[in-house]
Protein chains: 4
Amino acid sequence: MNREEKKIATRKKILDSALELFAEHGYETTTVHMITERAGVAKGTFFNYFDCKEDVFCDLQTFRATLEFEKLKDIRGPILPHVREFLMEFVRIGPNSRQLVRAVLLSDLSNEKSLSNQRKMLEELKDMLIPLIVEAQNRGEFTSAIPADMIADQAIQTYMGVSFTWGMGMGDDKLITQMVASFELFFRSLLP
Amino acid sequence: MNREEKKIATRKKILDSALELFAEHGYETTTVHMITERAGVAKGTFFNYFDCKEDVFCDLQTFRATLEFEKLKDIRGPILPHVREFLMEFVRIGPNSRQLVRAVLLSDLSNEKSLSNQRKMLEELKDMLIPLIVEAQNRGEFTSAIPADMIADQAIQTYMGVSFTWGMGMGDDKLITQMVASFELFFRSLLP
Amino acid sequence: MNREEKKIATRKKILDSALELFAEHGYETTTVHMITERAGVAKGTFFNYFDCKEDVFCDLQTFRATLEFEKLKDIRGPILPHVREFLMEFVRIGPNSRQLVRAVLLSDLSNEKSLSNQRKMLEELKDMLIPLIVEAQNRGEFTSAIPADMIADQAIQTYMGVSFTWGMGMGDDKLITQMVASFELFFRSLLP
Amino acid sequence: MNREEKKIATRKKILDSALELFAEHGYETTTVHMITERAGVAKGTFFNYFDCKEDVFCDLQTFRATLEFEKLKDIRGPILPHVREFLMEFVRIGPNSRQLVRAVLLSDLSNEKSLSNQRKMLEELKDMLIPLIVEAQNRGEFTSAIPADMIADQAIQTYMGVSFTWGMGMGDDKLITQMVASFELFFRSLLP
DNA sequence: AATGAATGAGCATTCATTCAT
DNA sequence: AATGAATGAATGCTCATTCAT
C-alpha cells in the first residue's frame with residue numbers, strides 16, 4: 001500500500017468510525033476523540049482530513065448525492081418494473097443497518113446544511129419522477145385521477161416513512177423487503 | 001395565586017421554554033441557561049424542578065403518551081369517518097410548526113430512551129388499529145388481500161413519512177392538509 | 001464582604017493576575033489556566049467575568065484612558081510647573097514596575113485593538129497639548145522657532161521613549177525620576 | 001547553483017519568510033506552517049535547518065548585532081555631522097515599515113532572551129557614545145551642565161521613543177525624517 | 001423557594017515536532 | 001535533502017451542576 005492509498009484508507013477509517021458513532025450516539029454526543037479512537041488514529045489526524053467536526057457529517061451525506069437518478073430518465077415502456085428495480089438499487093446502495101439509517105435521518109434533521117442538502121436532493125428526485133408518472137398515466141398504468149406531482153410527493157413520503165419506522169426498529173428485518181412491500185401497496189393505490 | 005400554584009406555573013414556564021428551544025436548536029445545542037433565560041428564572045431554579053437537563057426532555061415526550069388512543073376502541077360501524085376524525089385530532093394536538101415537528105422527530109432519534117418510548121407508543125397504536133382493520137375488512141370496507149397488521153404498519157409509515165417530509169419543508173403549508181391528502185391516497189390502496 | 005463586593009474582588013484578582021502574567025510572559029504565552037491559578041479561582045470563573053481572553057487584555061488598558069487629561073485644559077500662567085506636576089501624577093497613576101510597564105507596552109503592540117486604542121489616546125493628548133504649547137510660546141516660555149505640534153509630538157515621544165527604555169531595564173531605579181530628568185532636558189531644548 | 005549554495009538559499013528563504021510573518025503577525029501567532037508555505041518548502045524542511053521555532057527568532061535578531069558601532073570609535077573633530085550620518089545609516093539598515101518596526105519592538109519585549117540581547121546592545125551603544133559625548137563637551141559642542149552618561153541615555157531614549165511612536169502609526173511618513181527631526185531638537189537641548 | 005457565582009470535567013481545535021518514505 | 005502524514009500535549013472556551021446566601 002503506497003502513500004496515496006494509505007491516505008485514502010485513513011480517511012475512510014475516520015469516516016466509517018464517525019458514521020458508526022453518529023448512528024450510535026447522534027452527532028452532538030459523538031466526540032472527535034471517540035471517532036479517532038475507534039479509527040485507531042491520533043486526535044490530530046482527524047483535523048488533517050477534515051477542517052472541523054461538522055465537515056465529516058456533511059461528507060456522510062455526499063455519497064447519497066452521487067446516486068444515479070439519471071437512470072430514471074431513459075425509462076421507456078411500462079414503468080413499474082423499472083421503478084421496482086431502481087428502488088432496490090437505491091436501497092442497496094444506502095445504509096442497511098437500522099443504526100445507520102437512523103444516523104442518516106438524524107443527520108438530515110440536526111444540521112441546517114444537511115437539511116437543505118437533503119431537501120434539494122428530494123426535490124431533484126421529484127422533478128425526475130413527475131414526467132415518468134405522467135407517461136405512466138398516459139399509458140394507463142396509473143390512475144389519472146390524482147395529479148402526477150402529488151403521486152411523486154407520495155412516493156417520497158413512502159420512502160421516508162419506511163426509512164424512519166424501519167430505522168426505529170419496526171417492520172421486516174430487511175429494509176429492502178419492507179420497502180418493496182410498502183411500494184407494492186403504494187402502487188395499488190395508483191391503479192386506474 | 002398561592003404557593004402551590006406558583007410552583008406549578010414556574011414548572012410550566014420552564015417546560016414550555018425548553019420545548020420551544022429544543023424545537024429551535026435541538027436538545028444538545030440548547031443550554032440550561034437559554035431555557036432559564038427564556039423562562040425568566042435564575043439558572044439555579046431549573047435544578048429545583050428537574051434533577052438534570054435530560055429530565056425535561058423526557059417530560060416533554062410524556063404529553064404524547066397521554067393521547068387518547070382509547071377512543072379508537074369504541075368505534076362501531078363504518079371505520080373511515082372515524083379514522084379521518086381521529087387523524088385530524090391527532091395532528092391537531094401535536095406540534096404544528098415544521099420546526100417543532102423536526103424537533104420531536106429529532107428527539108425520537110437522538111436518545112435511546114426517547115427511541116424506545118416512541119417505539120412503544122407506535123406498537124400500542126398498531127395493536128389498537130389491527131382489530132379495527134380486521135373489522136373493516138369483514139365489513140368489506142378494506143380489501144382482505146392484505147394482512148391487517150401490514151395495513152397497520154403501512155398506516156403508521158404513512159403518518160411518519162408525512163411528518164418527516166413535511167418537517168423537512170416539503171408538502172402543503174398545513175400539516176393537516178398534507179396528512180389528510182396522504183391518507184386518502186392510502187385508503188385508496190385498500191379498496192377491495 | 002457582601003456578594004457585590006466579592007464579585008468586584010474576584011474580578012480584580014483575575015485582572016491583577018493577568019496583568020502580572022502578561023508582564024512576565026507576554027500575552028500569547030500566558031494561558032487562562034495560569035491566570036486563574038494565580039488568582040486562586042477555577043478556570044470557568046474567568047469566563048464568568050470576561051467573554052474571552054482578549055477582553056482582559058483590553059481591560060488592562062482602559063484604566064489609562066480614564067486619566068484626567070481634562071486638568072490640562074485649565075492651566076493658566078506659566079506652563080512648566082503645571083506640566084511637571086501633571087507628568088508626575090501621570091506616572092504615579094500608571095504602572096510602576098518595569099515588568100508592568102513592559103506588559104502595557106507589549107499590549108499596545110501585540111493587539112490591533114489595543115494599538116488603535118493607544119494611538120487614539122495619544123492623539124487626544126496631543127490635541128490637548130498643542131494649545132498649551134502655543135500659549136507658552138506666546139508667553140515666551142518656549143521657543144517659537146519650532147512648530148507647536150512638533151513639540152507636542154516630541155513630548156509624547158519622550159514619554160514613550162522613557163517608558164520603553166526604562167521598561168527594558170535601563171535608567172534610574174524609579175521611573176518618575178527618569179521621567180522628570182528626561183523632561184527637564186526636553187524643556188531645555190525648548191528654551192527661546 | 002551547487003548543493004551548498006542551494007542549502008544556503010533555502011535557509012535564507014525560510015528566514016526571510018519568518019521575518020516577514022513575525023512582522024505581520026507577531027512571533028506566537030506565526031506558525032511554522034505559515035513560514036514554510038511562504039518559503040515554498042515542506043514543513044519538515046524547516047526542522048532540517050532549525051532545531052525549533054524559537055531558533056529562527058533568535059537568528060533574526062543577530063542581524064542587528066552586526067551593526068557597525070565600530071565606526072563611532074574613529075570619530076575625530078566636530079561630532080554632530082558624524083552622529084547625523086551614523087543615525088541615518090542606522091535607520092537605513094533597520095526595518096522601515098511601521099509593521100516591521102512594531103515586530104522588532106514586540107520581539108524585544110516578548111521574549112526574555114530577546115530582551116537581554118537588546119539591552120546588551122543598547123548598553124554597548126551607550127558605552128560607545130559616552131567618550132564621544134565627553135569629547136564634544138570638551139570641544140564646546142555640547143553643554144557640560146549635563147553629565148555625559150545622562151546625555152547618552154537621552155539619545156537612546158530619543159531613538160526608542162521615535163521608533164515606538166512611529167511604529168504605532170504616528171509622525172512623518174518616513175521613519176528617517178521623523179528620526180532626524182527629533183534628533184535635531186535633541187541636539188538643541190545640548191547647546192551650551 | 002429563588003438566586004447566580006463558582007466549579008471543573010470535557011470539548012473542538014491548533015501546532016510544533018517526529019519520522020518513515 | 002526534502003517531504004508531509006501522523007502525533008498528542010496544550011489551549012481557549014462551554015456548560016451542567018452545586019451551594020452559600
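Computed over heavy atoms, backbone and side chain alike; hydrogens, waters and symmetry mates excluded.
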* Structure fact -> Out of E:dT3, F:dT17, E:dG8, minimum distance to the side chain of B:Val32 belongs to F:dT17
* Asked: Whole Å only: how far is the CD atom of C:Glu4 from the P atom of E:dT3?
  -> 16 Å
* Any A:Thr45 side-chain nitrogen or oxygen under 4.0 Å from OP1 or OP2 of F:dT7 -> yes
* Among the candidates E:dA2, E:dT7, F:dA5, find the nucleotide nearest to the side-chain atoms of A:Lys7. => F:dA5
* Asked: Hey, does B:Thr30 reach any base, or is it just sugar-phosphate, or nothing, if we go heavy atoms under 4.0 Å?
  -> sugar-phosphate
* Structure fact -> Scanning all shown strands, the Watson-Crick or wobble mate of E:dA12 with both distances under 3.5 Å is F:dT11
* To do: Output yes when a side-chain donor or acceptor of A:Glu20 lies under 3.5 Å from a complementary backbone atom of A:Ser17, and no otherwise.
  => no
* **Partner nucleotide of E:dA2 by Watson-Crick or wobble geometry (both distances under 3.5 Å)** => F:dT21
* To do: Would you mind telling me which residue lines up with the more 5' stretch of DNA chain E, A:Thr31 or A:Gly44, judged by nearest nucleotide?
  => A:Thr31
* Structure fact -> Among the nucleotides F:dT17, F:dT21, F:dT7, whichever has the atom closest to the side chain of C:Lys6 is F:dT21
* Check the distance between E:dC11's P and A:Glu54's CD and give it to me in whole angstrom. => 18 Å
* May I ask you to verify if any side-chain N or O of D:Tyr49 is less than 4.0 angstrom from the OP1 or OP2 atom of F:dA1? => no
* So does D:Lys43 reach the base of F:dT3 with its side chain, donor to acceptor, closer than 3.5 Å? -> no
* Find the distance D:Phe46:CZ to E:dC19:P and express it as a whole number of Å. => 17 Å
* Can you check whether C:Leu21's main-chain N or O pairs, donor with acceptor, with C:Thr30's side chain at less than 3.5 Å? -> yes
* Pairwise distance CG(B:Leu15) to CD1(B:Ile35) - rounded to 0.5 angstrom -> 9.5 Å
* Asked: Given E:dT7, F:dA20, F:dA16, which nucleotide is nearest the side-chain atoms of B:Lys53?
  -> F:dA16
* Does OP1 or OP2 of E:dA6 have a side-chain N or O of C:Thr10 closer than 4.0 Å? -> yes
* Structure fact -> When rounded to whole Å, the CZ to P distance for the pair D:Phe50 and E:dT18 reads 16 Å
* Can a donor-acceptor pair under 3.5 Å be found between the side-chain atoms of B:Asn48 and the base atoms of E:dA1? -> no
* Between C1' of E:dT14 and NE2 of D:His25, the distance in whole Å -> 16 Å
* Structure fact -> Winner on side-chain proximity to D:Phe47, out of F:dA20, E:dT18, F:dT7, is E:dT18
* Asked: When the distance from CD of D:Glu37 to P of E:dA16 is rounded to whole Å, what number comes out?
  -> 13 Å
* To do: Report yes or no: does A:Lys53 contribute a side-chain atom to a donor-acceptor pair with the main-chain N or O of A:Tyr27 at less than 3.5 Å?
  => yes
* Separation of C:His33 atom NE2 from E:dG10 atom P, in whole Å? -> 16 Å
* Asked: Quick one: are C:Thr29 and C:Phe22 in side-chain contact, heavy atoms under 4.5 Å?
  -> no
* To do: Look up atom CD1 in A:Ile14 and atom CZ in A:Arg38, then write down how far apart they are to the nearest 0.5 Å.
  => 14.0 Å
* To the nearest angstrom, how far is D:Glu28 atom CD from E:dT14 atom P? -> 17 Å
* **Pairwise 5' ranking along DNA chain F for D:Val41 and B:Asp51, keeping only the more 5' one** => D:Val41
